Amino acid sequence: MPSLLEVENVTVSFGGRRALDGVDLTAEPGRVTGLIGPNGAGKSTLFDVISGLRRPDRGRVGLAGQDVTRLGPARRARLGMARTFQRLELFGRLSVRDNLLVAAELGPACRNASSVVDDILRRLDLTDVADTLADTLPSGIGRLVEVARALAADPGVILLDEPAAGQDHEETERFSSLLGSVADEGVAVLLVEHDMDLVMSVCDTVHVLDLGRIICVGTPDAVRADPVVLAAYLGEA
Ligand code: ADP
Ligand code: MG
């Protein structure tokens, strides 16, 4: 059985400099897969390749057994892939609810989009800001709305790029249990995050990227104890 999401040997160069070099990664339904690494390691670039915003120079992206390497982002979204952006990419002039409705109407539950959206707003505790314009939100809440919008499409795979940036301890704990429950519903969650407590508490498997290469894959405990990983992070400091 292939994994739900399969990244094989992905290489991307920017003007002769390799941002990704032969990257392999998989994500499975019902699991939270972490992707960590120092700034500039290539995490967001890998998300661009997976979601179809950037064509790799080499390599392959598979989704549910289908080769999607040559498909654009909209086609991949219709096949069940959703993502959030490190730099918020909400529709600023739309309300929070309408941001979610746009996504829900593209998803499989499009006929009852508005009840799907109301459920997600409640689940993420966003009902109070449902009618607020997205570009007037504080960035911490904006991040949560990005996650809500990705969930509204009812994805099989969800890619989250630093979703907990700017959250306080209590918000991060709530977010951690939300990610666990999303995975429990059978979604493959791929999480890029700097908050190590969140990564260590919620991830089943962690991939470590450094200078465009995967240097370690394992359980949170194994990764945390790996001397190669420690050296990569100390090198950054
Ligand atoms: P991360 O998300 O892990 O911090 P990125 O994927 O954003 O890393 O960046 C990886 C490397 O690729 C960095 O050296 C970055 O400067 C470079 N890079 C990213 N996007 C571009 C781009 N559009 N043009 C040129 N270089 C880029
Ligand atoms: Mg990034």
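Whatever order the structure lists them in is the order used to number ligands and atoms, beginning at 1. Quick caveat: nothing in here was measured; it's all calculated off a predicted structure.
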Undergrad: Is there a protein heavy atom at a distance of less than 4.0 Å from atom 10 (C) of ligand 1?
TA: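 It does; a protein heavy atom is within 4.0 Å.
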Undergrad: Who's the nearest protein heavy-atom neighbour of atom 22 (C) of ligand 1, and how far?
TA: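 Looking only at protein heavy atoms, the one closest to atom 22 (C) of ligand 1 is F14 CE2, 3.6 Å.
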Undergrad: Tell me whether G42 reaches ligand 1 (any heavy atom closer than 4.0 angstrom to a ligand atom).
TA: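 Under 4.0 Å: yes for G42.
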Undergrad: Taking I50 as the starting point, is it possible to reach L160 by hopping between hydrophobic residues whose side chains are less than 4.5 Å apart?
TA: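 In one cluster with L160: I50, no.
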Undergrad: Can you list the ligand 1 atoms lying under 4.0 Å from a non-hydrogen atom of R17?
TA: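 That gives atoms 14 (O) of ligand 1.
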Undergrad: Taking 4.0 angstrom as the limit and counting only heavy atoms of N39, give me the atoms of ligand 1 inside it, by number and element.
TA: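 Heavy-atom distances to N39 below 4.0 Å select 4 (O).
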Undergrad: Does the distance from a Lys or Arg side-chain N to an Asp or Glu carboxylate O, for R83 and D48, drop under 4.0 Å?
TA: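 Salt bridge present between R83 and D48.
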Undergrad: Under a 4.0 angstrom heavy-atom cut-off, which atoms of ligand 1 come close to R54?
TA: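 What qualifies from ligand 1 is 23 (N).
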Undergrad: Determine, counting only non-hydrogen atoms of the protein, whether one lies under 4.0 angstrom from atom 4 (O) of ligand 1.
TA: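 Within 4.0 Å: yes, protein heavy atom nearby.
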Undergrad: I want to know if ligand 1 touches Q86 in the polar sense, i.e. an N/O pair below 3.5 angstrom.
TA: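 No, Q86 has no N/O under 3.5 Å of an N/O on ligand 1.
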Undergrad: Using a plain distance cutoff, I'd like to know if A41 has any nitrogen or oxygen under 3.5 Å from a nitrogen or oxygen of ligand 1.
TA: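 Yes; the residue has a nitrogen or oxygen that sits under 3.5 Å from a nitrogen or oxygen of the ligand.
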Undergrad: Considering only non-hydrogen protein atoms, determine which one is nearest to atom 7 (O) of ligand 1 and report residue, atom name and distance to 0.1 Å.
TA: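 Closest protein heavy atom to atom 7 (O) of ligand 1: S44 CB, 3.9 Å.
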Undergrad: Is a salt bridge present between R143 and E162, judged by a nitrogen-to-oxygen distance below 4.0 Å?
TA: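 No, R143 and E162 are not salt-bridged.
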Undergrad: Charged N to carboxylate O under 4.0 angstrom, R97 versus D131?
TA: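 Yes, this pair counts.
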Undergrad: Output, by chain and residue number, all protein N/O/S atoms separated from the Mg ion (ligand 2) by less than 2.8 Å.
TA: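 Metal shell, protein only: S44 OG, Q86 OE1.
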Undergrad: Step by step, would you call V96 with L121 a side-chain contact (heavy atoms from CB on, under 4.5 Å)?
TA: CA-CA 9 Å; V96 167; L121 289 171; 3.8 Å; yes
Undergrad: Do D57 and R18 sit within salt-bridge range, that is, some charged N less than 4.0 Å from a carboxylate O?
TA: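 Judged by the 4.0 Å cut-off on N to carboxylate O distance, D57 and R18 do not form a salt bridge.
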Undergrad: Picking from V223, L209, I36, what satisfies side chain to side chain contact (heavy atoms under 4.5 Å, CB included) with C216?
TA: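 By the side chain to side chain contact (heavy atoms under 4.5 Å, CB included) criterion, C216 pairs with just one of V223, L209, I36: V223.
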Undergrad: Using a 6.0 Å cut-off, check whether atom CD of E185 has over 12 heavy atoms from anything other than its own residue.
TA: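 Yes.
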Undergrad: Is there a chain of hydrophobic side chains (I, L, V, M, F, W, Y, each step under 4.5 Å between heavy atoms) that links V202 to F47?
TA: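 No, V202 and F47 fall in different hydrophobic clusters.
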Undergrad: Charged N to carboxylate O under 4.0 angstrom, E146 versus R149?
TA: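 Yes, E146 and R149 are salt-bridged.
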